[in-house]
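Here is the structure we will look at, set down as structure tokens.
Proteins get letters first, then strands, A, B, ... in listed order; numbering begins at 1 in each. Keep in mind it's a predicted model, so treat the numbers as computed, not measured.
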There are 2 protein chains.
Amino acid sequence: MIKILIADDHTMFVDGIESILKTESDINVIGQCYDGLSIIPFIEKETPDILLLDVNLPGKNGIEVCKELHAKYPMVKVLAISMFNEESYVTEILNNGAKGYILKNTGREELLLAIHTVQEGKTFFSKEVTNTIMKGLMNSRKNGGKKTAFFPKISRREKEVLKLIVEEHTTQEIADKLFISLKTVESHRSSLLSKLNARNTAGLVRITLENKLLD
Amino acid sequence: MIKILIADDHTMFVDGIESILKTESDINVIGQCYDGLSIIPFIEKETPDILLLDVNLPGKNGIEVCKELHAKYPMVKVLAISMFNEESYVTEILNNGAKGYILKNTGREELLLAIHTVQEGKTFFSKEVTNTIMKGLMNSRKNGGKKTAFFPKISRREKEVLKLIVEEHTTQEIADKLFISLKTVESHRSSLLSKLNARNTAGLVRITLENKLLD
DNA sequence: GTATAATTGGGGGTTTTCCCCTATGGACTA
DNA sequence: TAGTCCATAGGGGAAAACCCCCAATTATAC
């Protein structure tokens, strides 16, 4: 019996996968998570064999979850699911320990095949994803590694602050929401201005949206 | 027996909905379409009671399909499904004859409720969508019901100021560039804040970019 | 195991934004 | 012709953002 945990913020999608898997006698869905933050606590209570993990999750994104999970619970096999065949997503989550990557437009048969393949300790990718990985490898050989990173890495906390800035909150409001001092938020703001090379809040918001830094 | 046609390009999602609906004795899924172009031909052969229609479809998008369908086959009730609670999507597809709009993060129970409600000839919206519609209505009443602008009209000068704000210029710099007084620019800023219903510069920039107000 | 980075926080100050008020001339329009 | 919007501009004040300085603790990476 393969124990599976599903993590996706789209309820209807989670219900859908569950309905598909329910008909399989050797698969047991032991739980659902609708955001990134609840996954680790769930696994601390009950360990699944496979985690079906959406790459774009609210709270804490799939890549971060995968990283943490791979360190703490390496026996849990992560099968990443995503709407997008995005090179950056694929590469990053695979680098963080995911055993497979399938797209949301793959069918029932392929989903079951992916689950069984991953359960046997092998890796599984959708056909389209395989192509993407190939392209990625070729590019990285051409320019010798990382081609992205136009921006210095933004930390977890900075990203939280940035999100609230974009949502029109003032520094004081952000401090209250995050239970930290006004001065700390000002620190993060100033790091963000410097890292993103912005002159003011307007620039912060523009650069964030134009480069989809919060997705 | 309610006959349903599902149209969504994400196979896994289609399978999911189908699995959910299969357990209902009064619902019969008569077909699946994975792109916009195949929907009308299908309906010409076999007419469903309800079309579960994804707003973002390859080939021909959901809004166009809905429009054509509403003209040719008004008896088919369209229940729009989308990943996004986007005001423009919601308003447009409802203006083109859709009977309901639900998000992909609504659960199994709500999906069934939506189907039964629409089948009775009533309309159904997710809670979040209702709020979006309300906002849209308020805006469209303000500017006399024009469908293009969900925001009050922004004047030529205001647009110039807005552009410079997004480009990270301060009020003083904008005044110098446009050869007008600081106070005048402040006037325009404050009109913009009020018209776009923003709290601060961050909101101004976010709303501008999200709604492509400068294109 | 030692750098490096992240997170936290404070003092003190300047600049910018935001808000209230008023006001005038011109252009469009009901 | 009166009413409304637009663009212009100012006084005065409160709030927010931005800029230096600094420093402690904790992660994380190499």
Within this structure, what is the CZ-to-C1' distance between Arg156(A) and dT7(C), rounded to whole angstrom?
-> 9 Å
For the pair made of CD1 in Ile154(A) and P in dT7(C), what is the distance, rounded to whole Å?
-> 12 Å
Does Thr201(B) make a side-chain N or O approach to OP1 or OP2 of dT16(C) shorter than 4.0 Å?
-> no
Within residues 182-193 of chain A, those residues having any heavy atom closer than 4.0 Å to DNA chain D are Lys183(A), Glu186(A), Arg189(A), Leu193(A)
Would Glu68(B) and Lys72(B) pass as an ion pair if we require N to O under 4.0 Å?
-> yes
Ionic contact status for Glu64(B) with Lys67(B), cut-off 4.0 Å | no
Looking at Leu53(A), Ile115(A), Ile4(A), Leu51(A), which one forms a side-chain contact (heavy atoms from CB on, under 4.5 Å) with Leu79(A)?
-> Ile115(A)
Pairing residues for Lys183(A) by the salt bridge (charged side-chain N to carboxylate O under 4.0 Å, His left out) criterion, not counting sequence neighbours | Glu186(A)
Under 4.0 Å between a Lys/Arg side-chain N and an Asp/Glu carboxylate O for Arg199(A) and Glu173(B)?
-> yes
Any ion pair linking Glu24(A) and Arg108(A) (charged N to carboxylate O, less than 4.0 Å)?
-> yes
Stretch residues 158-181 of chain B: residues that reach within less than 4.0 Å of DNA chain C through a heavy atom | Thr170(B), Thr171(B)
What is the bend of the helix from dG1(C)-dC30(D) to dA30(C)-dT1(D) when you compare the axis at one end with the axis at the other, using five pairs each and rounding to 10°?
-> 70°
For Gln119(A), which residues count as a side-chain hydrogen bond (donor to acceptor under 3.5 Å, both in side chains) partner, sequence neighbours excluded?
-> none
Salt bridge (charged side-chain N to carboxylate O under 4.0 Å, His left out) with Lys163(B): which residues, sequence neighbours excluded?
-> Glu167(B)
